[in-house]
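Contents: one structure, followed by commentary.
Worth knowing before you read on, the calculation uses all heavy atoms, side chains too, and leaves out hydrogens, waters and symmetry mates. In each ligand, atom 1 is the first atom listed, and ligand 1 is the first ligand listed. Source: prediction; values computed, not measured.
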Amino acid sequence: MFNIKRFDLEAETAQESSSSNTTTTTATPINDRLAKLNARLNKNKPPPSTTTTDNTTIIQDSIPHSKDTKDAKHYKKDRESTTTKTNEISYKRSREEEDARVAREEARRQKDQQAGKQRWEKRAKELKDSDLIPNDVRLAMKAEAEARDRAKREAKKNPFAVAVAAAAEQEKEKEDEDMKNTEEEDAEDKEDQDKQDQEEEDEEDRPALELEGVERFASEAAADAALAELAALVPLPTFETKEITALEKERAKSMGIPDWLAHPTLIEPGESNNRPIEDQQFGFSERLIKQCRKAGIEECFAVQTAVIPVLMRARHLGDIRKAPGDLCVSAPTGSGKTLAYVLPIIEILSQRVVTRLRALVVLPTRDLCIQVKETFETFVKGTDLKIATSTGQNSFAHEQAILVGESHSNPNSPRVLGGHSRVDVLITTPGRLIDHIKSTPNFTLQHLRFLVIDEADRLLNQSFQDWLFHILNAIHPSPERKFLGADGSETIQVKRDHLGFPIHDAIAPGFLSSFFQLPESDVEDPKALSVQKLLFSATLTRNPAKIASLQLSDPQYVAVQESGQDGDEKQKYTTPAGLTEHMIVCETSEKPLMVLHLLHHLQVRSALCFTKSVESAHRLYKLIQLYEKIRTTAPVEAPVVRKEAGKDKKINEVKKKGSRDQDDESGSEDGSSDSDSGSDSEDENESSSGDSSSEDEEDEDEDEEETSDVEMGQAETSTNAMDIDATTTTTPIATDAIVVAEFSSDLPKSKRQSILRAFNNGEIHLLICSDLISRGMDLSPVSYVINYDSPVYMKKYIHRVGRTARAGKTGTAYSLVEMQEARHFKEMISKAGHWDKIGRVNVKSQEVKDLVPGYTKALAGLKDVLATSSRAGKKGSSRRSFK
Ligand SMILES: Nc1ncnc2c1ncn2[C@@H]1O[C@H](COP(=O)(O)OP(=O)(O)OP(=O)(O)O)[C@@H](O)[C@H]1O
């Protein structure tokens with residue numbers, strides 16, 4: 001480019017220069033003659049050239065051509081060549097000189113320009129933030145503009161030099177531009193880096209920055225709105241996942257405990273993990289939020305904050321090849337586990353179009369089923385969802401009609417392969433459920449989306465009717481064609497459409513292969529089960545065999561427990577923060593007196609008193625009832641009410657350290673067992689087979705009492721209805737009489753419900769019960785729990801004392817420990833790392849002296865009372881002997 005330009009300009013210059021040095025004449029004959037003459041006279045003089053001014057330029061010789069001589073020709077030739085050479089040399093020289101001059105000037109100009117530019121750039125940089133341009137900068141700019149004009153003028157005079165200068169300038173511009181680009185790139189890089197640094201800083205300081213931003217708002221309303229927005233931005237707590245050491249991992253592995261179970265997501269109990277119900281992470285609809293508010297629920301508790309988002313995230317089941325993932329949840333008693341599954345199930349199922357059985361909640365007792373149904377009904381308002389229980393309270397046929405409708409439950413009516421349901425959520429005990437799976441036509445679990453096993457460890461210890469096997473069988477598609485016999489003939493009568501084809505539109509996609517021979521395809525399209533198994537317990541089992549029997553898929557384990565707890569036992573046994581625990585060590589014969597002491601001296605009311613058997617409960621109930629009767633009718637010494645036990649020194653609460661009473665002996669023995677329990681080998685045993693076997697024993701013990709509840713359907717005509725009437729209709733003889741009632745599985749359903757209602761209304765001061773209500777029951781006003789017979793297993797202890805101090809409230813538990821049981825009790829509690837939490841109460845004989853006369857009388861009368869009730873056939877032959 002540069003060379004071509006130069007060449008053109010050179011030609012132009014030559015042309016211009018020749019044109020400027022010529023004169024214009026007209027060639028005529030006279031002129032020709034004159035020219036010839038002139039040539040002869042001035043032989044060596046160069047002839048003037050002649051040029052036309054028209055479009056053509058001709059360099060002419062003035063010698064006429066017509067009569068050219070040889071000399072003239074030579075002369076002409078010489079002259080021409082000499083002139084050309086001279087012209088070329090002089091032109092070349094002048095051109096070089098001119099080039100050098102222009103280049104010098106250009107270099108100087110550029111230098112000046114550069115210096116000026118740098119000066120004012122520097123100045124402009126200094127004044128970057130100012131709008132003013134100072135005088136020196138303006139002058140520099142002016143000088144630069146003048147220099148540019150000068151250069152332009154020069155360019156007009158000498159285009160070649162201009163070309164050189166232009167080329168130089170071009171080069172310089174290029175250099176500048178490169179430098180500028182490099183600078184810009186550097187600046188951009190720096191800007192990016194700064195931006196990234198700033199973003200990181202902002203991220204760290206976000207709350208502070210946002211608050212700062214909020215403070216800048218002029219109007220208070222705007223600031224409030226922004227603060228509200230900020231509050232909504234508070235992230236959900238991030239729950240730590242328990243880090244397991246290599247040793248723990250190895251140990252868990254050797255016990256067969258799967259990784260996910262040994263590696264729970266841990267949540268601290270307490271208010272710090274509560275979140276408002278409208279938090280977006282929960283994804284609750286306006287309707288549900290409204291129902292929650294109506295029920296007095298403003299925040300989700302820690303276990304709900306951890307569990308609900310997990311369930312809500314899987315609400316749409318995007319990938320049919322992937323199971324939604326099962327969930328095992330362990331959280332203390334009264335921490336709100338029920339709502340952790342009730343709320344998301346309602347929210348997710350409320351979107352359904354057709355009624356199908358989509359949620360199944362399995363619970364160990366009828367009373368719990370009723371309680372959970374009431375919870376569902378509180379929050380289901382405003383949806384079409386239908387909730388039902390199946391507990392054996394009603395006749396089997398009645399339940400069948402509720403579940404699938406009368407026409408579908410008729411054994412003679414044809415089957416719909418996809419089943420039929422009139423309910424969306426079924427809350428049931430395992431025994432009755434198995435009956436329906438086996439015997440109710442069109443009852444199916446094909447469409448199940450949620451299988452909740454509440455009080456899971458309790459249920460897993462029940463092998464009754466092999467309930468788990470039947471449920472798992474019913475939720476998995478069967479590889480055999482279900483309604484075809486070995487010969488291919490139909491084994492059941494199937495409902496058909498008008499063309500004679502089986503009606504299959506209601507079959508769950510995963511179950512189609514259970515009924516039809518589907519075309520085989522090269523491309524496997526395995527479908528995962530859409531049912532999500534959710535296990536809840538305050539004392540979740542870690543027995544690998546039991547967990548394996550659930551056939552969990554992609555499970556997660558969420559545990560609510562205080563930080564710093566480690567060791568398997570301690571993880572399992574977390575008590576509510578608001579619970580105060582005491583133990584009273586006494587003789588067996590003194591135990592009823594201790595209950596009277598708690599009632600009359602310590603003003604214990606709204607209390608649940610747990611005994612080890614139905615008989616024990618009945619006997620204590622009768623005794624206290626009799627005592628109250630005697631006290632309020634006979635002039636016996638009035639008991640002294642201790643207003644402030646601590647001040648009156650009527651109760652000496654002694655912590656384990658420093659206790660020097662009769663239990664010191666056992667204390668020292670326990671001290672040795674403490675150190676034993678601290679050993680690794682013992683821990684291992686505890687959480688492996690040893691532990692699970694103790695769980696089994698404990699639950700078998702519970703099973704004995706609750707079997708009738710689980711089996712269901714057994715019409716229980718209570719023989720002690722008279723007794724119950726006496727209890728529930730008892731009119732206190734005096735206004736300060738203690739109202740006592742008993743509660744056991746011997747009572748008919750209606751009586752049990754009316755007693756629970758009366759207790760909830762505060763009409764019963766002391767409810768004496770078996771372990772039937774030690775699990776899961778949420779009796780709102782329980783302020784005290786009395787372990788009349790101290791539990792043999794820690795699990796039972798945890799569930800019993802967990803009837804109080806629920807939902808963040810406070811409560812107190814007293815355990816009456818017989819002398820001979822003290823050592824075992826302490827061992828059990830210590831092993832669970834719980835001993836520090838239990839206070840020792842010493843009750844001196846002097847303190848109960850005022851109660852003794854009435855108690856003695858009641859005891860004497862008890863025999864007759866019991867004999868009367870026995871004659872009335874109140875006791876069944878299966879009853880255990882009295883203590
Ligand atoms: N978010 C909440 N706000 C206020 N109260 C709540 C909340 N969640 C649950 N509760 C109340 O807390 C009490 C205990 O709840 P729930 O019965 O679900 O406890 P749980 O963990 O199942 O106990 P358990 O192990 O004994 O069965 C109930 O009375 C319930 O209504």
*Which residue and non-hydrogen atom of the protein lie closest to atom 31 (O) of ligand 1, and at what distance in Å?*
D778 OD2, 4.4 Å

_Side chains of S616 and D789: any donor to acceptor distance under 3.5 Å?_
yes

*Proximal atoms of ligand 1 relative to P332 (non-hydrogen, under 4.0 Å)*: 21 (O)

*Nearest neighbour in protein (non-hydrogen) for atom 27 (O) of ligand 1*: G776 CA, 3.2 Å

*What atoms of ligand 1 come within less than 4.0 Å of a heavy atom belonging to E455?*
27 (O)

_Tell me the protein heavy atom at minimum distance from atom 7 (C) of ligand 1, and give that distance in Å._
F301 CE1, 3.3 Å

*Does at least one non-hydrogen atom of G802 fall below 4.0 angstrom from an atom of ligand 1?*
no

*asked:* Could you tell me, atom by atom, which parts of ligand 1 come under 4.0 Å of a heavy atom of I297?
replied: 1 (N), 2 (C), 3 (N), 4 (C)

_Test side chain to side chain donor-acceptor pair (under 3.5 Å) applied to E347 - qualifying residues, sequence neighbours left out_ = S285

*Residue portion contacting ligand 1 (non-hydrogen atoms closer than 4.0 Å) for Q304*: side chain

*Ignoring hydrogens and angles, tell me if any N or O in the side chain of N787 forms a donor-acceptor pair with the backbone of L816 under 3.5 Å.*
no

*Residue portion contacting ligand 1 (non-hydrogen atoms closer than 4.0 Å) for A295*: neither

*Give a yes/no verdict on whether any heavy atom in C292 is under 4.0 Å from an atom of ligand 1.*
no

*What protein heavy atom is closest to atom 17 (O) of ligand 1, reported as residue, atom name and distance in Å?*
R806 NH2, 3.0 Å

*Check each of L433, L459, L472 against W467 using the side chain to side chain contact (heavy atoms under 4.5 Å, CB included) test, and report the only one that passes.*
L459

*Under the salt bridge (Lys or Arg N to Asp or Glu O under 4.0 Å) rule, what pairs show up with a residue in residues 800-811, not counting sequence neighbours?*
D771-R800, D778-R806

_Numbered atoms of ligand 1 (with element) below 4.0 Å of L339, judged on heavy atoms_ = 8 (N), 9 (C)

*Count the heavy atoms of every other residue, nucleotide or ligand shown that sit under 6.0 Å from CD of E278, and state whether that count exceeds 12.*
yes

_What I want to check is whether the side chains of T539 and H799 have a donor and an acceptor closer together than 3.5 Å._
yes

*Name the one of R449, R352, R358 that satisfies side-chain hydrogen bond (donor to acceptor under 3.5 Å, both in side chains) with D424?*
R352

*To the nearest 0.5 angstrom, please state how far the CE atom of M794 sits from the NE2 atom of H834.*
4.5 Å

*What's the shortest distance from atom 18 (O) of ligand 1 to any protein heavy atom, and which residue and atom give it?*
T338 OG1, 2.7 Å

*E821 versus S790, side-chain donor and acceptor atoms under 3.5 Å*: yes

*What residue and heavy atom of the protein are closest to atom 11 (C) of ligand 1, and at what distance?*
A807 CB, 3.8 Å

*asked:* If we set the cut-off at 4.0 Å for heavy atoms, which region of R803 has an atom near ligand 1: side chain, backbone, both, or neither?
replied: side chain

*Centroid-centroid distance, Y341 to F536, less than 6.0 Å*: yes

*N/O to N/O below 3.5 Å, does that happen between T333 and ligand 1?*
no

*asked:* Considering both backbone and side-chain atoms of A331, is one of its nitrogen or oxygen atoms within less than 3.5 Å of a nitrogen or oxygen in ligand 1?
replied: no

*Protein heavy atom at shortest distance from atom 21 (O) of ligand 1*: K337 NZ, 2.8 Å

*Give the atoms of ligand 1, by number and element, whose distance to some non-hydrogen atom of E299 is under 4.0 Å.*
1 (N), 2 (C), 3 (N)

*Hey, does G334 come in under 3.5 Å of ligand 1, counting only N/O atoms on both sides?*
yes

*Could you tell me the separation between the OG1 atom of T574 and the CG atom of L579, rounded to the nearest 0.5 Å?*
12.0 Å

